[in-house]
Amino acid sequence: AGWFDIFLQGSLNNFMGMAKQGKTEKARRHQKIIVGPWIHSLGAKGTERTIGDIDFGPNVLVDLIEEQTRWFDYWLKGVDNGIVDEPRIKLFVMGANRWREADEWPLPETRYTPYYIHSGGKANSVFGDGALSAAQPENETPDEFVYDPEHPVKTIGGSTCCSEATFAVSMGPRDQRPNEYRPDVLVYTTPPLERDVEVTGPVKAVLYASSSAPDTDFTAKLVDVYPGGYAMNVAQGILRARYRDSWEEPTLLEPGRVYRYDIDLWSTSNCFQKGHRILVEISSSNFPQFDRNPNTGHPFGQDAELQKAHQTVYHDREHPSHIVLPVIP
């Protein structure tokens, strides 16, 4: 799988599901997964070192055809090549540009660390006053923006499918600054880091927000900001408000009421290096990777009506909006 593969979380879920619920001990113990910094094409089977904007260096190169051949040789031909004695998990840590091996996912040593969003009520765009820190918020002014489905936030990189040759949307790690200049994107960032921070594992954002609409979307994105300003997307997620509590029994919003949104950003492995900054974007669209929400509350795809939504994001003692990062000590 790849950290920018549209099937990333499905692959990890399959690994965890088989390792836990496989019918036999043999099946449970002999699952294996390799995850690199790739899009769905898997770096031309592990032979490319540049993905999106980023050259991940010579360490990223791995012959995936050879890995698969060894696997099938063992199970189908009985060749004792030692592959089942090797660690079950091989992950590429972006930023550090090295491979990490393990036998469990998530990694047992993971420390799930909340980073809280802060501002004086003007976190709109990278030019605003948004901040991100481990300190819990006190009494702070909420942030507001208008989501207009006629002018959605553009998809820049990420876990799209399946190649730029067949789908004209940029994929993988890309510079997020064009989106961060928009007033309908809230931006929260740490000061330059005093030490390396490795984030490896599942990422989740907890957002307290209200909307003027009966239904809308909220998005969250984790970004690695380089000292020169380049902003690399690391992980992303979206939640359609009507499904905030249940996929099976969707419910519309009461306009103006504050709800909690748990946004799944899937998983990643990235070392935010000393001098870099950790940044979180909050908005309401990521198009065309994700369908625009028309904000009407109507059944989807049955009319052409669109309306703007006035969104309010809260970060105070009663509403501590934050992102949970799986930090590796």
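We use all heavy atoms of the structure for the numbers below, so side chains are in, but hydrogens, waters and symmetry mates are not.
A salt bridge links Glu138 with Arg317: at least one charged nitrogen is closer than 4.0 Å to a carboxylate oxygen. The pair Arg240-Asp217 counts as a salt bridge, with a side-chain nitrogen and a carboxylate oxygen less than 4.0 angstrom apart. Glu67 has no carboxylate O lying under 4.0 Å from a charged side-chain N of Lys32, or vice versa, which leaves the two without a salt bridge.
Leu8 contributes atom CG, which lies 13.5 Å from atom CD1 of Ile39 (distance to the nearest 0.5 angstrom). For the atom pair OH of Tyr188 and CG of Asp129, the computed distance is 8.5 Å after rounding to the nearest 0.5 Å.
Of the candidates Thr251, Asn293, Thr296, Asn293 is the only one forming a side-chain hydrogen bond (donor to acceptor under 3.5 Å, both in side chains) with Asp215. Of the options Leu91, Val93, Val234, Asn270, a side chain to side chain contact (heavy atoms under 4.5 Å, CB included) to Trp3 is made by Leu91 and by none of the others.
Not a single donor-acceptor pair under 3.5 Å links the side chain of Thr312 to the backbone N or O of Ser210. Between the side chain of Asn179 and the backbone N or O of Lys154 there is at least one donor-acceptor pair closer than 3.5 Å. One N or O on the side chain of Thr155 and one on the backbone of Gln289 form a donor-acceptor pair closer than 3.5 Å. Side-chain N or O atoms of Arg244 include one that pairs as donor or acceptor with a backbone N or O of Ala241 at under 3.5 Å. The backbone N or O of His276 sits nowhere less than 3.5 Å from a side-chain atom of Asp224 that would complete a donor-acceptor pair.
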Discussion item. As a quick check of understanding, evaluate side chain to side chain donor-acceptor pair (under 3.5 Å) for Thr216 and Asn295, giving each step before the final call.
Written reply: CA-CA 5 Å; Thr216 192; Asn295 299 324; 3.0 Å; yes

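A single hydrophobic cluster is seen to contain both Trp266 and Phe218, as judged by linkage of ILVMFWY side chains at heavy-atom distances under 4.5 Å, directly or through other members.
A donor and an acceptor atom, one from each side chain of Gln9 and Ser267, are located under 3.5 Å apart.
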